[in-house]
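The structure appears right after this line, and notes come after that.
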Amino acid sequence: MNAQQLLDKIKELPNRPVDVPTAPPVELVAMVVRWSRHLKQWKATTLADFARVSLSTVERVERGDKVSDEALDRVAQALGYERGAFTTPRLPIGPENAAEEMVEIYGHLEPVAVAPMKTHKAIRDAAKCQAYLIHRPDVPDTYDADIAALGEWLDLGSFILSDIDEDPSPSERGRRDLYNDILKCVGELERRGLTVLSGVMAAPQPGLPDWKVAIVSVTPRLTDPGAPKRRHLMVDRRCVALPPNALSDGSATG
């Protein structure tokens, strides 16, 4: 079945008993697996490798065909869900609660265009933002110092570039040296097996309509091989919102 056929099948599913725990319908599992795999920009073969199942098993799951619970558990864990997410019986939560849950999980997400952080332009765009957010899912603690160093470089870049005109001037060489130093920091992370992507998210705040946040994604190539080809990240708008009283003390100015 293709995606539209799966959606049609889900719409036609009979109402589940409200007092009897049941496992998620295979059609719903198929849609979630497809959606999750495409978000990661994984090929079906990549998911099969990480889940330690055959390619034909992944294809059957995505068609909504029946497979073993063990295979579904492996697929769930490979995609970042808990074991049992696709197999454990549970009471249905009802359409209204389901809709509220979907809004809570996905309603605040916004796509942000990203690219490998490998150019002076990428560094300049990030450093000229008013804030930055480093997202590092599944990155071990052993990289903490390197990622903290990247954050410090971005802070320095933002401070130095905050009021500098971009026209050629005697400080142009100094700016290029700064960009190269930050790129060296990024290169060290990549040398150690990570992928670094960056983009700029418009995040207007009360009284600050032009507020922008640099989004920096750091992921291990071993567990996220599709990252270098990723062109968008889904970012929760709540993660880039300033605290309610951040500007009340008058410490920030426009």
Side-chain angles (χ1 to χ4, degrees), residues 1-109 111 135-142 193-195 217-234 236:
M1 285 186 284
N2 59 33
Q4 187 57 54
Q5 289 172 326
L6 280 170
L7 283 173
D8 292 340
K9 191 88 171 181
I10 291 171
K11 292 177 183 177
E12 296 170 1
L13 289 173
N15 291 330
R16 296 156 61 193
V18 296
D19 56 350
V20 179
T22 56
V26 293
E27 295 85 359
L28 181 59
V29 171
M31 184 58 69
V32 171
V33 170
R34 285 189 181 204
W35 183 78
S36 300
R37 179 169 68 81
H38 286 301
L39 273 183
K40 289 180 174 289
Q41 296 188 344
W42 283 5
K43 297 178 180 178
T45 52
T46 304
L47 175 54
D49 288 342
F50 276 96
R52 294 175 289 114
V53 298
S54 67
L55 174 60
S56 63
T57 295
V58 171
E59 292 172 339
R60 285 160 54 205
V61 170
E62 294 192 353
R63 287 198 304 265
D65 295 342
K66 180 68 176 175
V67 301
S68 70
D69 284 357
E70 176 62 26
L72 284 176
D73 285 342
R74 290 186 179 188
V75 169
Q77 290 179 297
L79 291 171
Y81 298 100
E82 294 183 0
R83 184 178 182 86
F86 300 154
T87 58
T88 301
R90 66 205 71 177
L91 291 173
I93 60 176
E96 290 186 0
N97 290 336
E100 291 177 1
E101 186 173 293
M102 290 292 287
V103 169
E104 176 63 23
I105 296 174
Y106 303 113
H108 302 280
L109 297 181
H135 181 56
R136 45 170 293 177
D138 302 322
V139 175
D141 295 344
T142 52
L194 302 178
T195 298
S217 168
V218 184
T219 56
R221 284 197 297 272
L222 183 63
T223 57
D224 191 12
K229 297 181 180 179
R230 190 163 295 137
R231 292 300 172 259
H232 290 86
L233 287 176
M234 302 302 292
D236 192 321

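Quick note: numbers below take in every heavy atom, side chains included, and nothing from hydrogens, waters or symmetry partners.
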*Hey, could you give me the OG1/CG distance between T223 and D138, rounded to the nearest 0.5 Å?*
5.0 Å
_Quick test of your reading: applying ring pair (Phe, Tyr, Trp, His ring centres under 6.0 Å), list the pairs with at least one residue in residues 21-40, sequence neighbours left out, ordered by first then second residue._
W35-Y106
*Do any pairs count as a salt bridge (charged side-chain N to carboxylate O under 4.0 Å, His left out) and have a residue in residues 217-231, sequence neighbours left out, and if so which ones?*
D224-R230
*For the residue pair V29 and P24, what are the closest heavy atoms and their distance?*
CG2-CB, 3.9 Å
*Check S36 against L79 and note the closest heavy-atom contact, atom names and distance.*
CB-CD1, 3.9 Å
Check: residues 43-51 side-chain donor-acceptor pairs under 3.5 Å, at least two apart:
none

*Look up atom CG in L72 and atom NZ in K66, then write down how far apart they are to the nearest 0.5 Å.*
7.0 Å
*asked:* Ignoring hydrogens, what is the shortest heavy-atom contact between P220 and V139? Give both atom names and the distance.
replied: CD-CG2, 3.9 Å
_Suppose the criterion is salt bridge (charged side-chain N to carboxylate O under 4.0 Å, His left out): which pairs have a residue in residues 51-61, not counting sequence neighbours?_
none
*If you look at every heavy atom in A85 and R90, which pair is closest and at what distance?*
O-NH2, 2.8 Å
*Kindly write out the residues that satisfy side chain to side chain donor-acceptor pair (under 3.5 Å) with T195, not counting sequence neighbours, or none if the list is empty.*
none
*Any pair counted as ring pair (Phe, Tyr, Trp, His ring centres under 6.0 Å), so long as it reaches residues 51-79, sequence neighbours left out*: none
*CZ/F86 to CG/D69 distance, rounded to the nearest 0.5 angstrom?*
12.0 Å
*asked:* Any side-chain to backbone donor/acceptor pair from R37 onto W42? Under 3.5 Å, distance only.
replied: yes
*How would you list, by chain and number, every residue that makes a side chain to side chain donor-acceptor pair (under 3.5 Å) with S56, sequence neighbours excluded?*
S54
*By side chain to side chain contact (heavy atoms under 4.5 Å, CB included), which residues pair with P89, not counting sequence neighbours?*
P21
*Listed by chain and number, what are the side chain to side chain contact (heavy atoms under 4.5 Å, CB included) partners of P137, not counting sequence neighbours?*
H135, T219
*asked:* For E70, give me all partners under side chain to side chain contact (heavy atoms under 4.5 Å, CB included), at least two apart in sequence or on another chain.
replied: S68, R74, R83
